[in-house]
Structures are given as C-alpha cells and as structure tokens.
Protein chains: 2
Amino acid sequence: MATRAGSEGRGSGVRWDIPGMMSLQDDGWGGDTPAPVPQRLLAAATRLFAEQGYDRTSVQEIVEAAGVTKGALYHYFGSKDDLLHEIYGRLLRLQQKRLDVLAEREAPVEERLRAAAADVVVTTIENLDDAMIFFRSMHHLSAEKQKQVRAERRRYHERFRALIEEGQRTGVFSDATPADLVVDYHFGSVHHLSSWYSADGRLTPQQVADHLADLLLRALRP
Amino acid sequence: MATRAGSEGRGSGVRWDIPGMMSLQDDGWGGDTPAPVPQRLLAAATRLFAEQGYDRTSVQEIVEAAGVTKGALYHYFGSKDDLLHEIYGRLLRLQQKRLDVLAEREAPVEERLRAAAADVVVTTIENLDDAMIFFRSMHHLSAEKQKQVRAERRRYHERFRALIEEGQRTGVFSDATPADLVVDYHFGSVHHLSSWYSADGRLTPQQVADHLADLLLRALRP
DNA sequence: AACGACATACCGACTGGTTAGTCTGCCGGG
DNA sequence: CCCGGCAGACTAACCAGTCGGTATGTCGTT
C-alpha cells in the first residue's frame with residue numbers, strides 16, 4: 001500500500017536526447033522557431049521550482065507555463081522527479097566539463113585554482129535558478145537519484161580538492177587546514193550565492209567571482 | 001478565490017511563552033516530567049522537518065511524533081507555518097545573543113572576530129537540524145514572516161560585518177575585499193555545514209570551528 | 001501515387017489518495 | 001461550574017500520475 005511511490009524502477013525515465021551540450025541559458029533556440037517541448041518544460045520547471053520550490057509547484061502549473069498539457073510532460077519525462085534530476089544534471093555536467101578543462105591547463109597551480117574557483121562562481125551566478133534549486137531541493141529527489149547526484153558532486157569536489165592538495169604538497173599553499181575542509185568552505189559560499197546575490201547589486205558576476213577566488217587564495221597563503 | 005492562503009493575518013499566532021531562553025538541545029526538561037506539549041511539538045517538528053523537509057511532513061506526523069493530536073497543535077500554534085517560524089526564532093535569538101556578548105568583549109578585534117566566527121560554527125553544528133531547516137525551508141514561510149526573519153538575520157550580519165570593518169579601518173585586516181562580501185563568504189560556509197558535517201566525522205565541532213575561523217582570519221591578513 | 005501499418009507526439013478527463021485547518025465536545029482542576 | 005487544554009472526526013480542497021483517444025508523419029509495398 002503505497003510505499004511513498006518513488007517513480008518506476010527501470011531506467012532514468014527521460015525519453016529524449018540532447019543534441020549537443022548547450023549553455024543552459026538559451027537552449028540554442030534564440031531564433032523565432034519555438035523551442036522544442038522538452039526544453040520548454042525544463043525552462044518552465046526551472047523557473048517555477050526556483051520561485052516556489054519543488055513541492056509547491058504542481059505539474060499542472062508547469063505544463064501551463066510551457067504551453068502544453070500533462071500528456072506532453074509524461075511523454076518526455078517519467079515523473080516530476082525526473083524534471084528535477086535533469087535540471088541538476090545540466091548544471092553538474094556544465095560545471096564538471098569546465099573544471100576539467102581548467103584543471104588540465106599548463107599553468108602554476110595557484111593560477112589554475114584561482115581560475116577554477118572563480119569559474120564556478122560565475123557559472124553559478126549565470127545559472128542562479130538552477131543553483132538555487134540544487135541546494136534547496138536536492139532532498140526531494142528519490143533516494144536512488146540522490147545517490148547518483150551526490151556521486152557526481154563528489155567527483156567534482158575531488159577534482160577541486162586535488163588542486164589544493166597539489167599546491168599544499170609543493171608548498172605553494174599552506175597546509176594548516178585539511179584540503180577537504182577548504183573545499184567545503186569555498187563551495188559553501190558558492191551554494192549560498194543564490195541567497196544573497198542579486199543582479200541589481202553593484203558587483204558584476206565576474207567581480208564577485210574574483211573577490212571570492214581572492215579570499216580563497218589569500219586564506220591559502222603559506 | 002483562494003489567494004493561496006497565507007495563514008491568518010493578525011499576530012504571530014503563537015499562544016505560549018518561553019519561560020527563559022534555554023539551549024534548544026534539551027528544553028530544560030531533562031528530568032522525568034514529560035516536557036510540556038508546545039516544546040514536544042517543536043522538537044518533533046524540528047526533527048521531521050530536518051529529515052523530510054517542510055512540505056513532505058504532514059501535521060498529522062508531527063502530532064503523532066509528539067504524542068498529541070491536531071487539537072493540541074492548533075491550540076498552541078496558529079498554523080504549520082508558525083512552527084517553522086518559531087524554530088527559526090529560537091536559533092536566531094540564541095546566535096544573536098551570543099554574538100552580542102562576544103562582540104562587546106574587551107579584546108583585540110582579531111580575537112573578537114575569531115571567537116565570533118568560531119562560535120557561530122559551533123552553535124550551528126550543535127543545532128544542525130535547526131540550521132538545515134533554516135537554509136532549506138525559509139522560502140516556505142509566508143512573505144510577511146520571511147521579511148521578519150530576513151530583518152533579524154540582517155541585524156546579525158551587520159553586527160558581524162562591523163567587526164570586520166573595524167579591523168579594516170584600524171589596519172589589522174586587509175580591505176582588499178568589501179566587508180559584506182567577506183561576511184557572506186563566511187556565512188555561506190556556515191549554512192552549508194548541514195550538508196556535509198556529520199557527527200561521525202573525525203573532526204569535533206570545535207575543531208571544525210577553529211579551522212573555519214582560521215581560514216577567515218588568514219584570508220583577512222593584510 | 002495511393003494505401004495500409006505502425007509510431008510519435010500530444011490531449012485532457014479521471015482516479016485514488018493526501019492534506020491543512022475547523023469544529024464540536026469532553027474532562028479535570030481551580 | 002467554568003475554562004484552559006486537548007481529542008478526533010470532518011471538510012474542502014488539491015495533486016501526481018493514468019489512460020484512452022486523436023492528429024500527424026513515415027515507410028514499405030503495390
């Protein structure tokens with residue numbers, strides 16, 4: 001008798017493919033052709049989840065905002081849960097890819113860390129809705145999907161931590177603080193961005209990013 | 001019709017008084033006398049909100065966990081909303097009071113800031129459930145109560161920021177980064193604690209607090 | 001070129017279940 | 001005897017997901 005649902009078992013439930021990775025902001029459909037239905041649904045869900053939260057947003061609201069009906073939503077997504085999961089996935093894939101590129105550059109470790117620390121701030125601010133949903137609504141995911149997201153997130157943190165440890169080994173950074181704690185310190189402030197950053201503020205995303213990266217690097221001075 | 005409710009209008013809706021400010025952890029009822037109903041309700045709500053989130057916790061679950069019925073809950077609280085608001089209030093009042101004491105001590109500003117930065121970490125970890133609810137569920141509050149909470153939070157941040165600005169004026173701290181950004185940086189990591197700190201970890205709350213305070217102070221070195 | 005067979009994309013009424021909050025009334029102590 | 005403190009049935013919503021149905025498109029065959 002109703003073990004608190006949990007969508008179906010098999011597969012991710014998403015029945016469509018992304019042609020190529022795009023920027024989240026525009027879905028690659030800046031022209032006059034209306035965006036395809038799956039993207040419209042994701043965009044509507046993202047906005048509504050960020051505004052009202054996951055639980056307080058009904059599927060009906062989402063499909064109305066996207067200009068379709070429930071039939072369309074459940075044609076492309078297995079459940080409301082899947083929408084959330086896909087929103088996470090987009091942001092995670094984007095940030096992971098960017099970090100991979102930055103971490104492998106030919107440059108002193110302090111430059112690579114500074115670039116990575118600033119980049120995650122900029123991409124977070126540029127996708128503030130996704131970030132807000134991420135840290136506010138992750139616990140609404142089914143246990144299984146939560147595990148998956150956490151695993152991806154861990155990979156990301158580990159990559160970041162490796163940079164710090166490299167600097168600590170080579171003596172460029174102080175090793176007074178364990179590297180994983182430094183990572184959590186930085187990402188804490190990143191996740192928190194959606195609570196205080198507002199576009200109207202006097203600082204551009206890049207300026208905020210530079211400041212936060214600077215704080216991190218200064219904290220790590222030997 | 002139905003402007004999305006919003007509890008009643010008048011008053012805070014809470015119909016009971018706290019005898020004296022206690023520690024949140026035990027409600028001052030460690031003995032064998034059962035705790036009074038309002039406290040039992042708050043304790044049950046705190047645990048359940050932290051475990052399952054606000055929206056996914058029914059008032060039926062709360063009253064069952066507290067060993068009473070809905071009649072009791074709505075006798076003491078105006079709405080489910082009020083429970084959340086009261087949980088915030090407890091933590092905010094506690095931290096504000098501690099900060100006030102620390103900030104007014106006779107000591108160099110770097111010592112006062114270090115003590116304040118570490119203290120908020122310790123009290124956050126010691127009330128991790130409340131903290132998690134705070135940063136995860138604040139947006140579930142009615143607009144009016146949200147404004148009130150934000151105002152109290154702002155007061156707290158301003159007091160903290162004043163310490164940083166004092167140090168920057170007197171040249172003890174670097175002023176490379178605007179003080180309010182430094183505050184958000186630090187409190188970002190504090191709010192984030194509930195996402196990663198687990199009691200089983202190898203670091204005690206005090207050790208974590210010392211590390212995080214150290215990172216802040218190191219970042220502020222001139 | 002016309003046709004049938006099958007698939008994709010979507011519609012929208014409906015179901016079974018859940019929920020916050022109300023209300024009437026009981027009960028025991030002052 | 002009266003009132004605070006509480007019980008618990010009840011109401012009026014609301015909502016995720018289902019399902020049968022329709023329109024449009026494609027492809028192989030004749």
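Remember, predicted model here, so these are calculated numbers, not experimental data. Per chain, numbering begins at 1; letters A, B, ... match sequence-line order.
The shortest non-hydrogen separation linking L212(B) to Y185(A) is CD2-CD1, 3.5 Å.
In this structure, Q148(B) has no side-chain hydrogen bond (donor to acceptor under 3.5 Å, both in side chains) partners at least two apart in sequence or on a different chain. Partners of T46(B) under the side-chain hydrogen bond (donor to acceptor under 3.5 Å, both in side chains) rule, at least two apart in sequence or in another chain, are R90(B).
Mapped onto DNA chain D by nearest heavy atom, Y54(A) and V37(B) fall at different nucleotides, with V37(B) at the one closer to the 5' end. Mapped onto DNA chain D by nearest heavy atom, D55(A) and G71(A) fall at different nucleotides, with D55(A) at the one closer to the 5' end.
Atom CD in Q52(B) sits roughly 14 Å away from atom P in dT18(C) (whole-Å rounding). Atom CG of L73(A) and atom P of dT18(D) are 12 Å apart (whole Å). Atom pair Y74(B):OH and dG8(D):C1' shows a separation of 14 Å (rounding to whole Å applied). Here dC14(D) presents its P atom at 15 Å from NZ of K80(A), a figure rounded to the nearest Å. Rounding to whole angstrom units, CG of residue L83(B) and C1' of dG21(C) are separated by 13 Å. Regarding K70(B), its NZ atom lies at a distance of 13 Å from the P atom of dA7(D), rounded to whole Å. The CD-P distance, from Q60(B) to dG21(C), rounds to 13 Å in whole Å. For the pair L41(B) CG and dG5(D) P, the computed distance is 13 Å after rounding to whole Å.
Here dT8(C) is the nucleotide among dG5(D), dT8(C), dG21(C) with the atom lying nearest to any side-chain atom of H75(A).
Counting non-hydrogen atoms under 4.0 angstrom, S58(B) reaches the backbone sugars and phosphates but no base.
Judged by the 6.0 Å distance and 45° axis criteria, K80(B) is positioned over the aromatic ring of Y54(B).
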